[in-house]
*Asks:* 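Handing you this structure, nothing more for now.
Here the structure is a predicted model, which is why all the values come from computation and not from measurement.
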Amino acid sequence: MTSTAPHTVVPASRPLDPAWTRRTVAVALDEDLGAAPGRDVTSQATVPPDELGAGRLVAREPGVVAGLVVVQEVLDQVVARLGLAAATCEQRVADGTRVERGDVLAVLTGPVQALLVAERTLLNLASRASGVATHTRRWADALEGSGAQVLDTRKTTPGLRELEKYAVRCGGGTNKRMGLHDVAMVKDNHVVATGSVAAAVRAVRARFPEVAIQVEADTLDQALEAVEAGARFLLLDNMPAPVLREVVAAVRAREGAVGRVELEATGNLTLDRAAEVAATGVDYLSVGALTHSSPILDLALDLDERG
């Protein structure tokens, strides 16, 4: 029997993995400072190591913030590398919050050297995540009341998938799958390799019976073949709205015999078509652009003036 587990394995409230955060921050600091412990030749030459100060992390444009939870980890690793006193981040808003230009997101205090060394790394991570969250929120807002949800994809920045999918959750979206390991997705090349949709579904079920199986369909015939083969999640790829409505109606008509089938519209979706596509009755709209094409949200770290 085909697995009927939900397509997503990531609860909306799941935080960032601390182990991932530590590893990623360490790599990002290596890029900026050189191999650990590294150095910032400008800040270390111009600012005494015992000089204390504060800075404010602010939004320079409206959006939805995400990734603020990495800021303290960046500060902790910087002070550990350079042998400085502790630095702290007082977060003023939670990830997932809508903010306006000029809003203070967090207050950072500690050695000025540490704040300057950490600045670009923490901004790179938080700005990237906030850009994804902001873009996702636009889609979630466009779909509000339709019953459909926006999904992300695996089209993520290498090394940043955990952060970008976390940002999607912060923006009101849903994670489809985290990788190739947790959900089986039968696409056209798998069908070519095995000979048919049914053969591909049987092969996955035999080798990995515990995983959910999703099947990509380009036509009504392919969608019905996938349902008959046991798939209970279909990706309806690059279908115009009239075709989507036809496929949704045909699959729903089969649910009395086969059980619930989740339906996703995917391929070349745009915000201006979101409501039209949702109205066809699909459960999800899959949008790779959430992670591969979101611009950053402009954030800045402004040091307080010293007397």
*Asks:* Could you please spell out the steps behind the side chain to side chain contact (heavy atoms under 4.5 Å, CB included) verdict for Glu61 and Glu100?
*Replies:* CA-CA 6 Å; Glu61 60 181 322; Glu100 299 297 329; over 6 Å; no

*Asks:* Side chains of Val112 and Leu52, heavy atoms from C-beta outward: is any pair under 4.5 Å?
*Replies:* no

*Asks:* If you apply the rule side chain to side chain contact (heavy atoms under 4.5 Å, CB included), what do you find for Arg161 with Arg154, and how did you get there?
*Replies:* CA-CA 8 Å; Arg161 180 171 296 174; Arg154 288 172 44 245; 3.7 Å; yes

*Asks:* Determine whether a donor-acceptor pair (N or O, by modelled atom type, separation under 3.5 Å) exists between the side chain of Gln214 and the backbone of Val183.
*Replies:* no

*Asks:* Could you please spell out the steps behind the side chain to side chain contact (heavy atoms under 4.5 Å, CB included) verdict for Arg60 and Asp302?
*Replies:* CA-CA 11 Å; Arg60 285 184 169 165; Asp302 296 331; 4.1 Å; yes

*Asks:* When you check the side-chain N and O atoms of Tyr166 and Asp95, is any donor under 3.5 Å from an acceptor?
*Replies:*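 Short answer, yes.
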
*Asks:* Hey, are Arg56 and Asp304 close enough for a salt bridge, meaning a charged N less than 4.0 Å from a carboxylate O?
*Replies:*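 Asp304 and Arg56: salt-bridged.
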
*Asks:* Is the closest side-chain heavy-atom distance between Leu271 and Trp139 below 4.5 Å?
*Replies:* yes

*Asks:* Would Leu57 end up clustered with Val132 when hydrophobic side chains under 4.5 Å apart are linked, directly or stepwise?
*Replies:* no

*Asks:* Taking the side chain as C-beta and beyond, is there a heavy-atom pair between Leu285 and Glu264 under 4.5 Å?
*Replies:* no

*Asks:* Going from CZ on Arg120 to CG on Asp40, what distance comes out if it is rounded to the nearest 0.5 angstrom?
*Replies:* 12.5 Å

*Asks:* Contact between Thr156 and Leu160 at the side-chain level, heavy atoms closer than 4.5 Å - yes or no?
*Replies:* no

*Asks:* For residues Thr88 and Thr109, is any side-chain donor paired with an opposing acceptor at under 3.5 Å?
*Replies:*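 Thr88 vs Thr109: donor-acceptor pair found between side chains.
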
*Asks:* Determine whether a donor-acceptor pair (N or O, by modelled atom type, separation under 3.5 Å) exists between the side chain of Glu119 and the backbone of Ala114.
*Replies:* no

*Asks:* Please tell me if the side chains of Thr157 and Arg128 come closer than 4.5 Å, counting only heavy atoms from C-beta onward.
*Replies:*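 Yes, at least one pair of side-chain atoms sits under 4.5 Å.
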
*Asks:* Only pairs at least two apart or in different chains count here, so list each salt bridge (charged side-chain N to carboxylate O under 4.0 Å, His left out) that has a residue in residues 235-256.
*Replies:* Glu228-Arg254, Arg252-Glu255, Arg252-Asp283, Glu255-Arg260

*Asks:* Are Val243 and Val277 joined in one hydrophobic group, where the rule is that I, L, V, M, F, W and Y side chains link up if heavy atoms are under 4.5 Å apart?
*Replies:* yes

*Asks:* Can you give me the closest heavy-atom contact between Leu116 and Ser43, atom names plus distance?
*Replies:* CB-OG, 3.4 Å

*Asks:* To check you understand the geometry: which heavy-atom pair defines the closest contact between Gly55 and Leu301, and what is its length?
*Replies:*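 Smallest heavy-atom distance, with atoms named: C-CD1, 4.0 Å.
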
*Asks:* What's the shortest heavy-atom distance between Thr153 and Gly288, and which atoms?
*Replies:*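 Heavy atoms only, the tightest pair is OG1-CA, 3.5 Å.
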
*Asks:* Do NZ/NE/NH1/NH2 and the carboxylate oxygens of Arg22 and Glu73 come within less than 4.0 Å?
*Replies:* no

*Asks:* Can you check whether Asp103 reaches Val93 side chain to side chain, under 4.5 Å on heavy atoms?
*Replies:* no

*Asks:* Is Val258 linked to Val282 within one hydrophobic cluster, defined over Ile, Leu, Val, Met, Phe, Trp and Tyr using a side-chain heavy-atom separation of less than 4.5 Å?
*Replies:*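 Val258 clusters together with Val282.
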
*Asks:* Give the minimum heavy-atom separation between Ala28 and Thr121, together with the two atoms involved.
*Replies:* CB-CG2, 3.7 Å

*Asks:* Would a 4.5 Å heavy-atom cut-off, applied to side chains only, mark Leu75 and Cys89 as touching?
*Replies:*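 Sidechains of Cys89 and Leu75: in contact.
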
*Asks:* To the nearest 0.5 Å, tell me how far Asp152 CG sits from Arg177 CZ.
*Replies:* 11.0 Å

*Asks:* Would you find a donor on one side and an acceptor on the other, under 3.5 Å apart, between the side chain of Glu216 and the backbone of Leu235?
*Replies:*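 It does not hold such a pair.
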
*Asks:* State the CD-OG1 distance between Glu225 and Thr219, to the nearest 0.5 angstrom.
*Replies:*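 Here the interatomic distance stands at 8.5 Å.
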
*Asks:* Which atom names give the shortest non-hydrogen contact between Val64 and Thr134, and what distance separates them?
*Replies:* N-OG1, 2.8 Å

*Asks:* Decide whether Asn268 and Asn238 meet the rule of one side-chain donor and one side-chain acceptor closer than 3.5 Å.
*Replies:*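 Indeed, the side chains of Asn268 and Asn238 share at least one donor-acceptor pair under 3.5 Å.
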
*Asks:* I'd like to know if Glu144 and Arg137 make a salt bridge, using a cut-off of under 4.0 Å between side-chain N and carboxylate O.
*Replies:* no

*Asks:* With heavy-atom distances below 4.5 Å as the criterion, would you say the side chains of Leu115 and Leu303 are in contact?
*Replies:* yes

*Asks:* Considering the options Lys165, Arg169, Glu164, which one meets the side-chain hydrogen bond (donor to acceptor under 3.5 Å, both in side chains) requirement together with Asn175?
*Replies:* Arg169

*Asks:* Going by side chain to side chain contact (heavy atoms under 4.5 Å, CB included), Val191 matches just one of Val201, Val215, Val186. Which one?
*Replies:*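 Output: one option passes, namely Val186.
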
*Asks:* Check the pair Gln149 / Thr174 against side-chain hydrogen bond (donor to acceptor under 3.5 Å, both in side chains), numbers first and verdict last.
*Replies:* CA-CA 7 Å; Gln149 301 177 53; Thr174 300; 2.8 Å; yes

*Asks:* According to a hydrophobic-cluster definition based on side-chain heavy atoms being under 4.5 Å apart (Ile, Leu, Val, Met, Phe, Trp, Tyr only), do Val58 and Leu105 belong together?
*Replies:* no

*Asks:* Roughly how far apart are Leu236 CG and Asp218 CG, rounded to 0.5 Å?
*Replies:* 9.5 Å

*Asks:* Atom CG in Asp298, atom OG in Ser127: separation rounded to 0.5 Å?
*Replies:*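 Output value for this atom pair is 6.5 Å.
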
*Asks:* Would you name the heavy atoms of Ala278 and Leu143 that are closest together and state the gap between them?
*Replies:* CB-CD2, 3.8 Å

*Asks:* Would Thr270 and Asp272 count as having a side-chain donor-acceptor pair, cut-off 3.5 Å?
*Replies:*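 On atom types as modelled, these side chains qualify, holding a pair under 3.5 Å.
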
*Asks:* What's the separation between atom CD in Gln91 and atom CG in Leu108, rounded to the nearest 0.5 Å?
*Replies:* 10.0 Å

*Asks:* State plainly whether the residues Asp30 and Arg81 are in salt-bridge range, i.e. N to O under 4.0 Å.
*Replies:* yes

*Asks:* With the threshold set at 4.0 Å, does a side-chain nitrogen-carboxylate oxygen contact exist between Arg98 and Asp141?
*Replies:*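 Salt bridge flag = yes for Asp141 with Arg98.
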
*Asks:* Please lay out, stage by stage, how Leu68 and Leu122 fare under the test side chain to side chain contact (heavy atoms under 4.5 Å, CB included).
*Replies:* CA-CA 8 Å; Leu68 300 183; Leu122 67 88; over 6 Å; no

*Asks:* Starting from Met239, can I reach Leu224 by hopping between I/L/V/M/F/W/Y residues whose side chains sit under 4.5 Å apart?
*Replies:* yes

